[in-house]
Protein chains: 2
Amino acid sequence: MAAATPRRQPTLDEVAERAGVSRSAASRVLNNAPYVSRPTREAVEKAIKELGYRPNRTARALATRQTGIVALALSHDDPALFADPFFAQVIVGVSAVLEETDLHLLLCLASSGRGRSRLTNLLQARGVDGIMLMALHGDDPLTGIVDRAGLPVVHGGRPLHVEPQWYVDSDNLGGARLATEHLLALGRTRIVTITGQMATQVGEARHRGYREAMIMAGREPYGMAESDFTEAGGAAAMKLLLDRHPDLDAVFAASDKMAAGALRVLSDAGRSVPADVAVVGFDDLDVAAQTDPPLTTVHQSIQALGREMARMLLALIAGESPTSLILPTGLIRRGSA
Amino acid sequence: MAAATPRRQPTLDEVAERAGVSRSAASRVLNNAPYVSRPTREAVEKAIKELGYRPNRTARALATRQTGIVALALSHDDPALFADPFFAQVIVGVSAVLEETDLHLLLCLASSGRGRSRLTNLLQARGVDGIMLMALHGDDPLTGIVDRAGLPVVHGGRPLHVEPQWYVDSDNLGGARLATEHLLALGRTRIVTITGQMATQVGEARHRGYREAMIMAGREPYGMAESDFTEAGGAAAMKLLLDRHPDLDAVFAASDKMAAGALRVLSDAGRSVPADVAVVGFDDLDVAAQTDPPLTTVHQSIQALGREMARMLLALIAGESPTSLILPTGLIRRGSA
DNA sequence: ATGGGGACTGGAAGCGCTTCCAGAAATGTC
DNA sequence: GACATTTCTGGAAGCGCTTCCAGTCCCCAT
């Protein structure tokens with residue numbers, strides 16, 4: 001680089017020499033291993049301070065076979081959709097836990113083929129000590145790649161048809177049930193649902209929660225439209241449902257964004273919320289508090305998801321056998337239901 | 001870990017042995033260095049394939065003194081505010097460039113003291129080959145830490161009172177001028193501004209752009225209120241300004257979120273936009289297209305910022321001397337002005 | 001005095017790769 | 001056919017750390 005480094009960083013050998021001890025001794029004080037005498041320790045510490053010595057991470061990694069780095073791999077159809085605050089929340093959660101350790105976070109946006117092969121490479125080259133994976137699609141090839149790596153792997157959410165050994169997931173099923181039960185408790189009977197993509201585990205689980213709640217209450221599922229978790233998608237689905245079931249009196253939308261779209265359509269159609277139609281969303285994003293009326297929704301903590309993923313990975317790396325987690329969701333009552 | 005790795009990954013020595021050549025020869029084909037005969041190359045390639053060999057990243061890093069990792073360090077007062085899509089955009093831009101190389105991205109959320117010392121450590125321990133820094137506050141201690149590391153450093157945005165050697169920045173000054181000039185061209189004369197924090201370079205630059213445009217047009221700056229880039233802050237500032245300058249006929253808000261807040265207050269106050277009051281924002285976030293009326297604003301591409309930062313860092317690592325960049329901003333005309 | 005056991009120590013062998021170098025082999029030149 | 005080049009090769013020395021191991025030293029019970 002153009003901004004020259006004045007001189008090499010000092011090495012452990014130099015520290016040892018200056019302290020008048022062997023390199024092994026110096027290494028021992030560095031890792032504060034047992035069997036180091038007071039004078040040795042002090043001499044080494046003095047030398048370290050005087051030289052401004054910092055152990056070289058790479059060298060240590062080679063010797064210990066531990067890189068001190070864990071990866072978070074994110075997959076999404078559209079790389080630009082990484083901008084979804086969802087991912088940011090995961091990262092915040094993960095970082096919060098890692099901050100307490102001396103592990104660092106490597107971020108892999110692995111949507112493209114190129115990204116996937118980079119990830120494969122990273123794993124096989126033992127570039128990280130473990131990996132957290134958020135693959136949102138059912139049949140994401142990442143899942144296989146990562147499981148084959150022979151490294152500790154924690155999944156965020158579950159792929160559609162397989163149960164990974166270690167995962168952290170939100171209780172989507174339970175949350176959707178909660179939402180639907182709330183609507184039923186309100187006396188609504190003609191409850192429809194707007195689902196996310198049924199090809200994702202999240203979409204499927206939230207839909208199943210709705211169905212189960214309806215059936216448990218002795219009712220047939222009243223109507224559903226598959227959408228894509230977006231506001232525009234939610235609006236389109238709502239139009240469709242109004243058309244097919246003009247007498248609907250409640251809707252459970254599997255995401256807040258879709259709920260927001262639905263709210264807009266309902267208002268345009270002259271239905272008042274919650275009087276004519278009660279609406280419940282899912283996610284409890286910021287948007288939920290800002291709709292008109294404010295959205296009753298199912299809360300899940302994405303930061304907590306990130307945190308638990310990181311904790312689980314740490315445990316795995318430490319050789320423990322943690323158990324997979326399903327994080328609780330809860331109903332937040334606001335104005336729309 | 002509990003999921004046992006079946007067996008060690010093969011090493012280059014084993015590849016060499018199997019191919020019947022020396023380790024140096026094998027290394028040469030790996031890095032396709034010159035002076036490798038056809039038969040040697042083929043024998044090694046065959047052995048690699050048969051063994052499923054992958055060069056160990058750490059070992060290579062130690063030998064070459066290049067980790068193949070670059071860091072992106074983000075600093076913010078409130079770590080939770082990392083959820084701002086701004087950062088996600090930067091990451092998307094950076095990743096897009098890195099994807100074409102074989103460098104990986106290490107993400108450091110370094111708001112806390114702990115985060116900062118971790119970063120310091122990482123740099124001094126030569127854990128990365130270079131670093132990109134987004135320090136939003138003027139006197140962020142990160143700036144000093146990073147500059148002292150003796151590693152290639154690229155700044156995103158400029159700290160308040162210093163000009164880093166290598167940076168990429170949006171043309172905040174020019175954009176603010178553009179916005180104000182647009183308002184002037186519309187015949188508005190009583191133009192006020194809502195600024196972001198003046199302790200940040202962005203806040204200061206956008207305010208200066210407003211002032212300069214006013215003065216160039218032969219007018220005194222008509223009124224300003226310092227805010228904090230948020231919607232709530234923008235609303236509060238707008239109230240203040242309406243109070244102090246009831247006859248204002250235009251407002252330049254230094255962020256779209258503040259503009260959205262201002263719009264809300266104006267509408268509550270019975271002022272129609274743009275008839276009574278013209279409004280221009282800054283950033284061109286998604287929210288700008290969704291306000292009522294849609295917001296005329298200054299566009300800047302955060303992804304491009306990320307991309308250019310990454311490119312600049314690559315150049316620096318390659319030993320070149322790139323030149324700092326100021327990315328253009330442009331006016332997007334929508335309904336509010 | 002004697003031996004047994006802990007507390008320390010430094011030498012040496014790695015970790016898995018790159019790279020320098022001296023020399024062998026192949027090629028070219030007249 | 002003699003010589004200078006050029007291509008190719010493997011040995012060996014790193015990169016900067018950890019860790020095993022065989023000792024040395026010292027203290028205390030016998």
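Excluded from the calculations below are hydrogen atoms, water molecules and symmetry mates; all remaining heavy atoms, backbone and side chain alike, are included.
- Of the two residues near DNA chain D, Arg54(A) and Arg38(B), the one whose nearest nucleotide lies more 5' is Arg38(B).
- For Ser24(A), no side-chain nitrogen or oxygen approaches OP1 or OP2 of dG11(C) to under 4.0 Å.
- Taking side-chain N and O atoms only, Tyr53(B) has a distance below 4.0 Å to OP1 or OP2 of dC17(C).
- A side-chain donor from one of Thr40(B) and Ser37(B) sits under 3.5 Å from a side-chain acceptor of the other.
- Regarding Leu12(A), its CG atom lies at a distance of 14 Å from the P atom of dC15(D), rounded to whole Å.
- One can place CZ of Arg126(B) at 11 Å from P of dG16(D), the figure rounded to the nearest angstrom.
- Using a 4.0 Å heavy-atom criterion, one finds that Pro34(B) contacts no nucleic acid atom at all.
- Rounded to an integer number of Å, the gap from CD of Gln66(A) to P of dT18(D) is 13 Å.
- Residue Leu30(B) places its side chain closer to dT18(C) than to any other of dT18(C), dC17(D), dT9(C).
- Around atom CD of Glu17(A), no more than 12 heavy atoms belonging to other residues, nucleotides or ligands sit under 6.0 Å away.
- With rounding to whole Å, Gln9(A) atom CD is found 10 Å from dG16(D) atom P.
- Side-chain contact check for His104(B) and Asn121(A): no donor-acceptor pair (N or O, by modelled atom type) lies under 3.5 Å.
- Comparing dT19(C), dT19(D), dC17(D) by their closest approach to the side chain of Ser27(B) singles out dT19(C).
- In this structure, of dT18(D), dC17(C), dT18(C), it is dC17(C) that holds the atom nearest to the side chain of Thr11(B).
- Contact between the side-chain N/O atoms of Arg65(B) and the OP1/OP2 oxygens of dG16(D) is found at a separation under 4.0 Å.
- For the pair Asn56(A) CG and dC15(C) P, the computed distance is 19 Å after rounding to whole Å.
- Salt bridge annotation for Glu42(B)-Lys46(B): absent, with no cationic side-chain nitrogen under 4.0 angstrom from a carboxylate oxygen.
- Candidate nucleotides dC8(C), dC17(C), dT9(D) were compared by shortest atom distance to the side chain of Val36(B), and dT9(D) ranks first.
- Within the 4.0 angstrom heavy-atom criterion, only backbone atoms of the sugar-phosphate kind lie near Thr40(A); the bases stay farther away.
- In this structure, Arg28(B) places its CZ atom 11 Å from P of dT18(C), rounding to the nearest Å.
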- Task: Evaluate the side chain to side chain contact (heavy atoms under 4.5 Å, CB included) criterion for residues Leu316(A) and Trp166(A): first the C-alpha distance (whole Å), next the side-chain angles of each, then the deciding distance (0.1 Å), finally the verdict.
- Result: CA-CA 9 Å; Leu316(A) 243 27; Trp166(A) 287 288; 3.5 Å; yes

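- Note: CZ (Arg23(A)) to C1' (dC8(C)) measures 18 Å, nearest angstrom.
- For Val21(A), counting side-chain heavy atoms from C-beta on, the closest listed nucleotide (dG10(C), dC17(D), dC17(C)) is dG10(C).
- Distances from the side chain of Ser37(B) to the nucleotides dC8(D), dC17(C), dC8(C) place dC8(D) closest.
- What separates CD of Glu14(B) from P of dG16(C) is a distance of 9 Å, to the nearest Å.
- Here the closest non-hydrogen pair linking Leu98(A) and Leu105(A) is CD1-CB, 3.8 Å.
- Contact check, Ser22(B) against dG10(D): a side-chain N or O comes under 4.0 Å of OP1 or OP2.
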